[in-house]
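For reference, the structure is listed below as structure tokens.
Atoms within a ligand are numbered from 1 in the order they appear, just like the ligands themselves.
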Amino acid sequence: MNWQQWEPFYLQIVSKMGYDIEEDRKAALLLRKLLLENENYILAETIKERIKEKVYVFGAGPSLEKGLSEGKFSGTLIASDGSTSALLEYGIVPDVIVTDLDGRFDDIKRANDLGAYVVVHSHGDNMDKLKAYVPKLKNILGTCQTEPLDIVYNFGGFTDGDRAVFLAEELGAKEIFLVGFDFGEIVGKWSKPYLKEHSPIWESKRKKFKIAQTLLEWLEKNGRAKITKL
Ligand SMILES: Nc1ncnc2c1ncn2[C@@H]1O[C@H](COP(=O)(O)OP(=O)(O)OP(=O)(O)O)[C@@H](O)[C@H]1O
Ligand SMILES: Nc1nc2c(c(=O)[nH]1)N=C(CO)CN2
Ligand SMILES: [Mg+2]
């Protein structure tokens, strides 16, 4: 998805969630500056080499544990944010992590040290996390939700989970399997560092899930990849 296609979705999201477009733009510029200063960025063509035709994207829903214990995964493995912790518990290092840096950072860092590329998303509410964590990582692909910059991309998508699916589709995946994408009323315990248990959904998360589902439905209809929920 390119910027022209994404902009109307983004404007709706801003109005539903009450975000500040200028803050989102500021975050994109901040991420660009940090990546240039630390020389730890990669380009889309580098990450594209890792995206095979068959891709598994892992969400942080309660069904993730069952999916991980029963599944056999071949192809490219993409962890969305908090799901990284669960994959590591199962001895799996993802090829790519898609995050706005509010999962368990120690796990994101460990997977990155073991070879995972990290797609770091910038937005108006994570500038403190960008400053604290971007210098600690390597092989970062920067993304934003406003107009893309030279080394900060926008492939569309909103939450880490659906954004990972948009990235995979844009970079050539033909078959995308979703694991741990329950949405629904219970947020998986891997979602936030402070959650000890699967937890009842809160209002802002409910809105985020609704937007994520709408975006995934759009991609199923309009994208080039077959998307299957496992
Ligand atoms: N029941 C669920 N609980 C948690 N995540 C889910 C669930 N169902 C689907 N997901 C997907 O898993 C992804 C990873 O979860 P996580 O909570 O770590 O993401 P997030 O996008 O960083 O959330 P936030 O918007 O709160 O930062 C979500 O972005 C969402 O798309
Ligand atoms: N401004 C802003 N943008 C976002 C946010 C957020 O909390 N604030 N969360 C996201 C991941 O779900 C994606 N985009
Ligand atoms: Mg996140």
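Neither side chain, Ser80 nor Asp160, offers a donor N or O lying under 3.5 Å from an acceptor on the other. A donor-acceptor pair shorter than 3.5 Å can be found between the side chains of Asp100 and His123. A side-chain donor-acceptor contact under 3.5 Å links Ser63 and Asp182.
Between Asp162 and Phe181, the shortest heavy-atom contact is N-CE2, 4.2 Å. The two atoms that bring Asp102 and Pro193 nearest to each other are O-CD, 3.2 Å, heavy atoms only. Gly157 and Arg163 make their closest contact through O-CD, 3.7 Å (heavy atoms, listed as atom of the first residue, atom of the second, distance).
The distance criterion of under 3.5 Å between nitrogen or oxygen atoms is not met by Ala212 with respect to ligand 1. At a 3.5 angstrom cut-off on N or O pairs, Asp160 counts as close to ligand 1. Checked by distance only, ligand 1 and Gly59 stay at 3.5 Å or farther apart across all their nitrogen or oxygen atoms. Considering backbone and side-chain atoms alike, Asp160 places every N or O at 3.5 Å or more from each N or O of ligand 2. For ligand 1, the polar-atom distance check finds no N/O of Val187 at less than 3.5 Å from any of the ligand's N/O atoms. Annotation: Thr159 places no N or O atom under 3.5 Å from an N or O atom of ligand 2; distance criterion only.
Taking the six-membered ring for Trp, Phe58 and Phe73 have ring centres closer than 6.0 Å. In this structure, Trp6 has its ring center no closer than 6.0 Å to that of Phe166.
Counting heavy atoms only, Gln145 comes closest to atom 14 (N) of ligand 2 of the residues His121, Met17, Gln145. Closest heavy-atom approach to atom 9 (C) of ligand 1 among the candidates Trp202, Phe58, Phe181: Phe181. Considering Tyr10, Phe209, Tyr19 only, the shortest heavy-atom separation from atom 5 (C) of ligand 2 involves Tyr19. Scanning Ala60, Ser199, Gly103, Gly61 for the heavy atom closest to atom 12 (O) of ligand 1 points to Ala60. The residue from Lys208, Arg163, Lys192 that puts a heavy atom closest to atom 26 (O) of ligand 1 is Lys192.
Remark: ligand 2 atoms within the under-4.0 Å shell around heavy atoms of Gly124 are 1 (N). The Ser191 neighbourhood of ligand 1 comprises atoms 16 (P), 17 (O), 18 (O), with distances under 4.0 Å to a heavy atom of that residue.
Regarding atom 11 (C) of ligand 2, its nearest protein heavy-atom neighbour is Asp100 OD2, 3.4 Å. Considering only non-hydrogen protein atoms, atom 8 (N) of ligand 2 sits nearest to Asp125 OD2, 2.7 Å.
Using a 4.0 Å heavy-atom cutoff, Pro62 is listed among the residues neighbouring ligand 1.
Between OD1 of Asp100 and OD2 of Asp81, the angle at the Mg ion (ligand 3) works out to 110°, rounded to 10 degrees.
The proximity of Lys208 to ligand 2, defined as any non-hydrogen pair under 4.0 Å, is limited to the side chain. With a 4.0 Å heavy-atom cut-off, ligand 2 is reached by the side chain of Asp24 but not by its N, CA, C or O. Contacts of Phe209 with ligand 1, taken as heavy-atom pairs under 4.0 Å, involve the side chain alone. Contacts with ligand 1 closer than 4.0 Å are made by backbone heavy atoms (N, CA, C, O) of Ile186 only, the side chain lying farther away. At a heavy-atom cutoff of 4.0 Å, ligand 2 is contacted by no atom of Glu23, backbone or side chain. With a 4.0 Å heavy-atom cut-off, ligand 1 is reached by the side chain of Asp102 but not by its N, CA, C or O.
The cationic group of Arg50 lies under 6.0 Å from the six-membered ring centre of Tyr117 and within 45° of the ring axis, placing it in a cation-pi geometry.
Asp160 has its closest N, O or S atom to the Mg ion (ligand 3) at the position named OD2. Distances from the Mg ion (ligand 3) to each N, O or S atom of Asp102 single out OD1 as the nearest.
Note: Tyr10 and Trp3 have tilted aromatic rings, judged against thresholds of 30 and 60 degrees for the angle between ring planes.
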